[in-house]
Each structure stands twice: as structure tokens, then as C-alpha cells.
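Positions are given from 1, in the same order as the sequence printed here.
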Amino acid sequence: MAETLAESTAPRPAALGPAEARRPPMSVVGPVAWARASLFSSWWSTAVTLVLAYLLARWAMGLVDWAFINAIWAVPVNDQGVAQTQACRALEGRGACWAVITEKHRFILFGTYPYEQHWRPLLCILLFIGLYVVSAMRRFWRKELALVWVATLVVIGVLMWGGVLGLPYVPQERWGGLAITLILSTFGIAFAFPLAVLVALGRRSRMPAIKMLCIVYVELIRGVPLISLLFMASVMFPLFLPEGMNIDKLLRAQVAIILFAAAYLAEVIRGGLQALSRGQYEAADALGLSYWQKTGFIILPQALRLVIPPLVNTFIGLFKDTSLVLIIGIFDLLTAGKTAVVEPAWQGFGVEVYVFVGIIYFIFCFAMSRYSQGLEAELNRHRVR
């Protein structure tokens, strides 16, 4: 009886909560379990994992040595303004010569824009980034956002061209670098997307003339590469204009990019429209909505949500395809990077320039990819609720 009383008065361990009681051990789930199942499941898998880990470590150490430890970040400049790159060449590839970025970053980012006016394209780049950030926030998804886009793009045009408000006029031929890449891709997406929506709806129209026109447009544009459209816009199109009439080369390239992107986006959107069940259309008809009310409030929002990944994939492809404007003599980011190492003093250091340009492309493309994943997951959560 004394033993029973002692057991009843002895402190007992705290009871485990429901979540703790159901939590599986780390050997079953989690990183340790994944590594054991995927990397060390057998002696052969373990050997391959160790060899790959060794090679990866060697590559990482070599990259750190080349990019940071043995790298040269600046070189002296003589009285004639020519960089003295003997120290970089003495490395013989053992270290990176980031001095080429230090000396040529303005040309890579702004092209041949007047040096004393570089603050203008820099401000335009910041405005573009700010516009992307604001547009990515769902709390700003209102009608006023369209006005913000129009106002921002007008301000960017005023800054780049000048000629008003005391700003010196800068012809389009002097534009280049990252500013041109953002202009072509942003205007391309902004104008191609609504055109693609109309074309996608037109391909599903019951009016034969509109349907055939949209089919011909999509199949014709998708049947040729973007380079051919840029070539036609730059070389062939001016031949059909009246004598003395000329359209800006950048505008012609922009129109070609818009038409090209709209054709691909239209097929993506059409896939989303076809993925919706017939019940959605019938429910909209039962509410007595007009065609445009049904499309704008019920059909399109659901269709676009279904095709977020391919839409963003097309946006990313368009952002990178702007580098093809090289064929018509427009200095985009990649072309400016190639031209930066034409100077004899910097010949042989193209790897550093391409790494710098690649990082810029990666930042913008990775941001679009991550945002699309987050947006898709958020919309799916709301749909489940």
C-alpha cells in the first residue's frame, strides 16, 4: 500500500501533445532520411556521392580562388586614359580581372549614352524595378495601377529622350545597355499581353472571319524565328514606306517583339481557356451575363490562374530574346557587354564580362520565376478555402 501511495505521489512526466506524439523520427522523414535514401542507400550510391562531393568541393575552391582570392579589382590608368592591364595578363587565367567591370560597367549598363547624363538611364532602371515591385503586390491590383504604368512609362520616355524640362535631347542611337533591355521587354510584355488575350478569344470565336484571322496570325508568327521578324522590321519594312518617311529603328524592333510575344502568349492563354470545364461557361450564361462580363469576371481570371507557369516562362524567354536586337544594330545589355571587350587593352577578359551580364539576366529571370511560384501557391490556397 505504501508503494502504491508513493507511485501516486511521484511526479509524472508531462504528457506529449498531439503534434509531438504523431511526429515521426528524423530517421524516417527530413533531410537525414532523404540523404540516407537518395545518397547513401547502397555502397555504390555512397561511392558516387563521395566522388561527386569531392569534385564539387574542388570546383568550388577553384572558383573561389579565381573569382575572389587571386582576382584583380582595379588597374591603374595612364595619362592618356588607357588602362594598364599588365597585372591582369600576368595572372594567366589563375584569377579574374574584375577591373574590366570596374572600368566598363557604365558602358555595359548605359551604352553610349552621354557620360554626364548617365543619371537619367539609371533613374529609368530604378523606375522599372519599382514598377515591377508595385505590380507584384496584390494590394495594388486595382484600376489605378494601369494609370501608374502609363505615368511611369511616360516619365521614362521623357528621361531617355529629353528635349523638355531642361533635359538635353539624346537620340535613340545613343541608347544602350540594360536600359534598352528593360524597355524592349517591359513594353513588349505590357502591349503583347492584352493583344494575346484578344487573339486567344478570337481563336475561340464563332465568327469564321475573326477566327481565321487569328489563326493565320498565330501560325504565321510562330512559324518564323524572331530574328527574321526583326530583320523584316529593320530592312524590309522601310522599303514599303513612302519616300522621305522613316520610322524609328527601336520602335520597329519593339513592334516586332510585341507581335512575336503576343502569338506565343495567345496559345498559352487559349490553353487555359480550354482547360476550364464547360460548367463554368454554363453557370456564367445562367447568370444572364453578357459575353464580355462573363469573360472578364469569370472565365479569364480562372484561365489565367491555370496558366501562370507557362505565362511566366514566356515572359522570361522574351526578356532573354531581346538580345537578338543585335542583328539590327541596337546595343542591348549583351551587345554592350560584347562591345566592352573590343578595346585592345581589355581583349581576352570576356569571361568576366559575360559572368557580370549573366548575373544581371539571372537576377531578373530568377525573380520572375520565384514570384510566379509564390503567386501560384497563394492563389491555390485561396481556391482551396
Decide yes or no for [X] and [Y]: does some side-chain heavy atom of the first lie under 4.5 Å from some side-chain heavy atom of the second?
{"X": "Pro121", "Y": "Trp175", "result": "no"}
{"X": "Leu131", "Y": "Val148", "result": "yes"}
{"X": "Thr322", "Y": "Ile180", "result": "no"}
{"X": "Cys97", "Y": "Thr85", "result": "no"}
{"X": "Phe191", "Y": "Leu195", "result": "no"}
{"X": "Leu229", "Y": "Leu259", "result": "no"}
{"X": "Val199", "Y": "Arg270", "result": "no"}
{"X": "Arg120", "Y": "Val170", "result": "yes"}

State the [atom1]-[atom2] distance between [X] and [Y], to the nearest 0.5 angstrom.
{"X": "Tyr281", "Y": "Thr295", "atom1": "OH", "atom2": "OG1", "result": "8.0 Å"}
{"X": "Leu334", "Y": "Lys320", "atom1": "CG", "atom2": "NZ", "result": "12.5 Å"}
{"X": "Met368", "Y": "Ser185", "atom1": "CE", "atom2": "OG", "result": "7.5 Å"}
{"X": "Leu304", "Y": "Leu273", "atom1": "CG", "atom2": "CG", "result": "7.5 Å"}
{"X": "Ile125", "Y": "Leu159", "atom1": "CD1", "atom2": "CG", "result": "11.5 Å"}
{"X": "Leu201", "Y": "Lys211", "atom1": "CG", "atom2": "NZ", "result": "13.0 Å"}

Verify same cluster id: [X], [Y] (apolar side-chain graph, 4.5 Å):
{"X": "Ile215", "Y": "Leu198", "answer": "no"}
{"X": "Leu265", "Y": "Leu220", "answer": "no"}
{"X": "Val351", "Y": "Ile359", "answer": "yes"}
{"X": "Trp43", "Y": "Val51", "answer": "no"}
{"X": "Leu251", "Y": "Ile156", "answer": "yes"}

- [ ] Kindly indicate whether a cation-pi arrangement holds for Arg36 with Phe40, taking the cut-offs as under 6.0 Å to the six-membered ring centre and within 45° of the axis.
- [x]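 The answer is no, since Arg36 fails at least one limit relative to Phe40.
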Open item on the list: Check the orientation of Trp346 and Phe349. Use parallel for under 30°, tilted for 30 to 60°, and perpendicular for over 60°.
Closed with: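 Trp346 vs Phe349 ring planes: perpendicular.
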Greater than 12 external heavy atoms within 6.0 Å of [X]'s [atom1]:
{"X": "Tyr113", "atom1": "OH", "value": "yes"}
{"X": "Trp161", "atom1": "CH2", "value": "no"}
{"X": "Arg370", "atom1": "CZ", "value": "no"}
{"X": "Tyr371", "atom1": "OH", "value": "yes"}
{"X": "Phe68", "atom1": "CZ", "value": "no"}

Partner set under ring pair (Phe, Tyr, Trp, His ring centres under 6.0 Å) for [X], not counting sequence neighbours:
{"X": "Phe319", "result": "Tyr361, Phe364"}
{"X": "Trp66", "result": "Trp98"}
{"X": "Phe366", "result": "Phe362"}

Task: Shortest non-hydrogen separation from Ala196 to Ala262 and the atoms involved - done: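 Smallest heavy-atom distance, with atoms named: CB-O, 3.4 Å.
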Task: ILVMFWY cluster membership beyond Val216 - transitive side-chain contacts under 4.5 angstrom - done: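 Met212, listed by chain and number.
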Open item on the list: Per the salt bridge (Lys or Arg N to Asp or Glu O under 4.0 Å) rule, what does the pair list look like for residues 194-203, sequence neighbours excluded?
Closed with: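 Found Arg203-Glu219, Arg203-Glu267.
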Open item on the list: Checking Arg142 now: which residues fulfil salt bridge (charged side-chain N to carboxylate O under 4.0 Å, His left out) with it, not counting sequence neighbours?
Closed with: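 Once residues adjacent in sequence are excluded, the partners of Arg142 under the salt bridge (charged side-chain N to carboxylate O under 4.0 Å, His left out) criterion are Glu144.
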